[in-house]
2 protein chains.
Amino acid sequence: MQKSLSRAEKRQQKLDVILRNASKAFMERGYYKTSLDDIARMQNVTKPTLYYYIKNKEDILVKCEEVTCGRINEMLDDVMAEKVSGYDMLYNFITRYIPIITDDVARCHVRHRGQMEDPALAEKSIQNHKDIENRVREIIRRGIKDGSIRDCNSTILAILLFDSLNGLTSWYKSDGPVKEDELTSEVLKLVTEGVTGS
Amino acid sequence: MQKSLSRAEKRQQKLDVILRNASKAFMERGYYKTSLDDIARMQNVTKPTLYYYIKNKEDILVKCEEVTCGRINEMLDDVMAEKVSGYDMLYNFITRYIPIITDDVARCHVRHRGQMEDPALAEKSIQNHKDIENRVREIIRRGIKDGSIRDCNSTILAILLFDSLNGLTSWYKSDGPVKEDELTSEVLKLVTEGVTGS
DNA sequence: TTATAACGTTACTCGATAGTAACATATTTT
DNA sequence: AAAATATGTTACTATCGAGTAACGTTATAA
């Protein structure tokens, strides 16, 4: 039991707990139906304590977004650095995107993306997502160029892909009947081959 | 200028206008950021007047759902009555689902489905959607049986399909750069053939 | 023409909750 | 040990908005 975590580390850990608990509550009851008192109670603290870690209620959404987009972009850096076909890149992206997006904080971010009341924050949030979408479009374009992906409208494909993947967040439960492996492989098969029968 | 609309007709028309205006506002600003005063103002009436047409704020969501699910189910009755392959049925469903779902009232329903505060209403809303999803799964199963659709997990496919289609509601604008025809054909090609290149 | 129901208004109540002020305690650092 | 800072509390303010009461006014029907 080492207690020798620095203050900054403990602080960070507590913030993480707040984000996780808040995300969970927002996903179950919705942002507006969840009060800061509710969230505080989940940590066994009182509401003003939260303000030591967050600027205001909206800031929780902003921080969930920072964490999630950070993870996705790191993953994309990694995936796009490999010297493989566009199709393989897309395949790797999907495979690695699913476990990232089925986390509570990520689900919370997806559900509330671009919905901040402060217009500047909302704008930034939308831009964050567009940036990620653009990177995926770049993958698709490479695939079309090298012939590994069918010639299609990369914008529409990217959007449809994100819609299905992000849609997972509203129904997929890691403890539910569908296993993550099966889910990933069904998604990949659908994206790859479509539905057409033999 | 015939003024001879029955009371019931005029009443229905006014309700429709309320639903359209409310849906639009809910989609732009969100449900909780839109007050009943805001909605009333859009009709040039005052808040209490709304209560002549709706039971309460939530009832707007319920009524949007009734209208939309009604339309979808009628369409499904129609599509499923035809004597064609499962694949063709799915194709027809998608083609006809897109124009239905890109209407403001339908978009409002999709975005708020299952989010009523009254648990009984929320439950019913979720059930309504499950019923529709089950009918589409039935189409998919028929397609798998007759060989026109690849053998796959019909549940996951139905969900992924609805995710992409319903996802349209959050970005597709009928006056935007993407034409409905192009959208429909890209969606169909993706669902049919997947992304794989030649 | 009068009675009744439909439709609308103004002016209020009442609860919820985000955010804050002021104060208490623990923990580091000097 | 004393000073400074981090972390927490209780008790409050202030606002917003859903829903309602009470009261006109218009249109239909007897």
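These numbers come from a predicted model, not from an experiment. Numbers restart at 1 for each chain; the letters A, B, ... are given by sequence-line order, proteins then strands.
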Could you check how far [atom1] of [X] sits from [atom2] of [N], rounded to whole Å?
X       : N       : atom1 : atom2 : result
I39(A)  : dT17(C) : CD1   : P     : 11 Å
E117(A) : dA18(C) : CD    : P     : 11 Å
D37(A)  : dT10(D) : CG    : P     : 11 Å
L61(B)  : dA18(D) : CG    : C1'   : 14 Å
I18(B)  : dC7(C)  : CD1   : C1'   : 12 Å
K33(B)  : dA18(D) : NZ    : C1'   : 18 Å
D118(B) : dG19(D) : CG    : P     : 12 Å
F26(A)  : dT17(C) : CZ    : P     : 12 Å

Within residues 50-59 of chain A, residues whose heavy atoms come under 4.0 Å of DNA chain C: Y51(A), N56(A), K57(A)
With no angle test and no hydrogens, is the base of dG17(D) tied to the side chain of K47(B) by a donor-acceptor pair under 3.5 Å? no
Have S35(B) and D37(B) got a donor and an acceptor in their side chains that come within less than 3.5 Å? no
For R111(B) and S170(B), which I'm curious about, is there any donor-acceptor pair between the side chains at under 3.5 Å? no
Is the shortest side-chain N/O distance from S35(A) to OP1 or OP2 of dA16(C) below 4.0 Å? no
With a 4.0 Å cutoff (strictly under), does any side-chain N or O of T46(A) reach OP1 or OP2 of dT9(D)? yes
Is there any salt bridge (charged side-chain N to carboxylate O under 4.0 Å, His left out) pair reaching into residues 178-197 of chain B, and which pairs are they, with sequence neighbours excluded? R150(A)-E193(B)
Salt bridge (Lys or Arg N to Asp or Glu O under 4.0 Å) test vs D103(A) passes for just one of R20(A), R71(A), K24(A), namely R71(A)
Closest approach to the side chain of V45(B), judged atom by atom: which nucleotide of dA18(D), dT20(C), dT9(C) is it? dT9(C)
Among dT9(C), dG8(D), dA18(D), the one nearest T49(A) by side-chain distance: dG8(D)
Establish, for the pair K57(A) and Y32(A), whether the NZ or CZ atom is under 6.0 angstrom from the six-membered ring centre and no further than 45 degrees off its axis. yes
Below 30° counts as parallel, above 60° as perpendicular, anything between as tilted: where do the rings of H112(B) and F26(B) land? perpendicular
Would you confirm whether S148(A), through its side chain, and I144(A), through its main-chain N or O, come within 3.5 Å as a donor-acceptor pair? no
